[in-house]
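Quick caveat, the model's predicted, so the values are computed rather than measured. Atoms within a ligand are numbered from 1 in the order they appear, just like the ligands themselves.
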Amino acid sequence: MAHDPDYTDVLIIGAGISGIGAAYRIHEKNPNLSYTVLERRERLGGTWDLFRYPGIRSDSDIFTLCFPWEPWTRPEMIADGEHIWQYLADTARKHGIDKHIRFNTHVRSADWDSGTDTWTVRTEQEGAEKTYRARFLFFGTGYYNYDEPYRPEFPGIDDFTGDVIHPQHWPESFDYTGKRLVVIGSGATAVSMIPTLTEKAGHVIMLQRTPSYMISATKVEPPAVTLRKVLPLRAAHWIVRWRNALVGSLLWLVARKAPEFTKRMLRRIAERNLPEGYDIDTHFNPPYNPWDQRLCFILSADLYKAIARGDVDVVTDHVDHMDATGIVLKSGRHLDADVIITATGLQLQALGGIELSVDGERVNPHDRFLYRRHMLEDVPNAAWCVGYTNASWTLGADLTAQSVAKLLAYMDSHGYTHAYPHRGDIEMPEQPAFNLKSGYVLRALDVLPKSGTRRPWMLSHNFLRDALAHPFEDIEESMVFGRVPAAALRSA
Ligand SMILES: Cc1cc2nc3c(=O)[nH]c(=O)nc-3n(C[C@H](O)[C@H](O)[C@H](O)COP(=O)(O)OP(=O)(O)OC[C@H]3O[C@@H](n4cnc5c(N)ncnc54)[C@H](O)[C@@H]3O)c2cc1C
């Protein structure tokens, strides 16, 4: 295949955390394999390039969100979006991954041919069609639609004479100095944005239908900084990363096993920081258990402090309709606004919206069970990268990248040209791939692949168990391996 410049052993789609992580792990274990990264945008970074709203930051600790093989060197534990982007760009450059990225390359479809064990991938590059071919596909395409965020239909929105902005498409240099802002939403985006907005806005209202649980964290954690001063960087990184992964897993476990205790703990943070007599029951007492939806991080209780200062009002109500000057609520109250920010969330999407087929037959991801969090039942030589919803994404993405790297090395050493997971007649109940009851997950139950209830046919949400089991995974379990004759490969 060396004569074909558009053929690579591995095609990675997406140059975000997952794609960059996969490139590193695959090359680390398979330096003989060629790889190319196809990225639809003009810059790498994915989420950390797309989202530019004021206050964009991680909402999990950066030591577990960064790569285990490339230490985070800045002091913050909760990192700003631009620093995460810079880290990803520096990492890609340092490891030579950037040279493999083809930007402005939007992958539209991928078809597997079992006669030649080859994927044919059709892309659009600045309006022109271009085809790539590969033995293995890695979908580092994230989990949501880049073009269309979730926008509920608010009656009368066209009557509003101010600006309506969705955080996924924040206009560059948008000036909101002195303006009255209403942010609709109470998830991680709203909560990380609002304290920053108060620095310039005249006033901010957080309008929520349902409250979220908030946990407070410090931006910089002194023990982690000290550890890096006294120990070599890699050793300190390893310790802090594992410490944070353990603490995060423990917090999640306590929240699931002892929800009432966790509710009391989270309520105490609110009571300590909100003004005396504040109506916590209405505004910060969600009607579900902690971790039924993702827990929101607030930085040193900044949201509560902004409320205490009077910079932010929280309104818990439903939108009835919008009019020229703001929002009319179901209660009849009117919220005056110059700008409405619809922090109403994402639209989930599998495989970056790419049309997938095997021998010309369309594959609907939702009809397939996931195998070990990353392969689709009966789809050869392809992996989809999803991280954890209850821990940093990268903890899961890196396990996937390592599994794929191991599979490729195994195939190479045995001369196999294809491998696919096959369930056969094993029956089991289905469950949604993501274990959250958040709106964006519930809206998309028919979009993502299915999870079973038994390994290896399930998407686990337990990092510690996965990390411990990972080295002992039987690579042949429920997998079908094979090869096509060399003549077919040559003719491909
Ligand atoms: C605002 C926000 C904050 C978040 N904060 C955190 C956090 O603090 N901690 C955490 O663990 N998770 C967080 N997440 C989840 C976050 O998306 C993941 O942590 C991580 O960035 C996902 O990386 P990824 O590479 O899998 O996907 P993405 O970052 O979404 O990158 C996917 C890449 O694939 C490209 N792509 C997609 N489709 C195609 C196609 N058809 N053709 C070519 N290229 C394509 C995209 O352009 C993009 O570059 C956050 C998400 C959002 C939206």
Side-chain angles (χ1 to χ4, degrees), residues 11-23 36-53 55-67 76-81 84-85 87-88 92 101-110 121-125 130 132 137-147 149-150 166-168 170 185 187-193 217 244-245 248 294-297 343 345-356 374 383-398 400-401 434 440 463:
L11 264 187
I12 296 169
I13 309 174
I17 289 181
S18 299
I20 294 170
T36 300
V37 183
L38 304 181
E39 168 54 55
R40 60 174 284 185
R41 295 168 59 75
E42 59 187 10
R43 301 203 327 161
L44 54 68
T47 298
W48 304 104
D49 186 46
L50 176 71
F51 280 84
R52 309 270 179 103
Y53 58 78
I56 168 89
R57 59 164 170 80
S58 65
D59 65 344
S60 62
D61 86 277
I62 190 66
F63 294 101
T64 52
L65 184 60
C66 74
F67 300 114
E76 302 89 2
M77 184 180 72
I78 300 292
D80 291 338
I84 300 176
W85 184 86
Y87 163 84
L88 292 173
I101 306 176
R102 306 285 168 267
F103 289 104
N104 298 311
T105 304
H106 193 160
V107 178
R108 296 298 190 177
S109 68
V121 173
R122 292 188 206 293
T123 74
E124 236 175 68
Q125 285 179 347
K130 183 165 169 64
Y132 289 84
L137 279 192
F138 187 98
F139 290 86
T141 45
Y143 62 105
Y144 61 86
N145 186 326
Y146 264 63
D147 301 314
Y150 175 61
H166 195 289
Q168 188 163 326
W170 191 271
T189 300
V191 161
S192 53
M193 167 194 296
N244 289 3
R294 216 177 148 99
L295 210 62
C296 293
F297 272 72
L346 308 164
Q347 255 197 90
L348 295 199
Q349 188 179 57
L351 310 178
I354 296 163
E355 212 172 274
L356 196 69
H374 60 273
W384 180 44
C385 191
V386 270
Y388 291 106
T389 50
N390 58 358
S392 275
W393 183 267
T394 316
L395 292 172
D398 188 57
T400 290
F434 285 174
Y440 72 96
F463 166 67

Distances for all N or O pairs of ligand 1 and the protein under 3.5 Å?
from	atom 1	to	atom 2	distance (Å)
ligand 1	5 (N)	D59	OD1	3.2
ligand 1	8 (O)	D59	N	2.5
ligand 1	8 (O)	D59	OD1	2.7
ligand 1	8 (O)	S60	N	3.1
ligand 1	9 (N)	S60	OG	2.7
ligand 1	11 (O)	W393	N	2.7
ligand 1	17 (O)	T47	OG1	3.0
ligand 1	21 (O)	W48	NE1	3.2
ligand 1	25 (O)	I17	N	3.0
ligand 1	25 (O)	S18	N	2.9
ligand 1	25 (O)	S18	OG	3.4
ligand 1	26 (O)	S18	OG	2.5
ligand 1	26 (O)	W393	NE1	3.1
ligand 1	29 (O)	T47	N	2.8
ligand 1	29 (O)	T47	OG1	2.8
ligand 1	30 (O)	T47	OG1	3.3
ligand 1	30 (O)	Y146	OH	2.6
ligand 1	31 (O)	Y146	OH	3.2
ligand 1	34 (O)	G140	O	3.4
ligand 1	41 (N)	V107	O	3.0
ligand 1	41 (N)	G352	O	3.2
ligand 1	42 (N)	V107	N	2.9
ligand 1	44 (N)	R40	N	3.1
ligand 1	47 (O)	E39	OE2	2.6
ligand 1	49 (O)	E39	OE1	2.6
ligand 1	49 (O)	E39	OE2	3.1

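- Of the options F138, F139, Y143, a side chain to side chain contact (heavy atoms under 4.5 Å, CB included) to T141 is made by F139 and by none of the others.
- Legend: salt bridge (charged side-chain N to carboxylate O under 4.0 Å, His left out) pairs involving residues 55-67, not counting sequence neighbours, sorted by first then second residue: D59-R294.
- For A110, the side-chain contact (heavy atoms from CB on, under 4.5 Å) partners are W119, V121, L137, I354, L356, not counting sequence neighbours.
- Between F51 and Y53, the ring planes lie perpendicular to each other; the angle is over 60°, past the 30° to 60° tilted range.
- For Y87, there are no side-chain hydrogen bond (donor to acceptor under 3.5 Å, both in side chains) partners, not counting sequence neighbours.
- Between L65 atom CG and I78 atom CD1 the span is 9.5 Å, to the nearest 0.5 Å.
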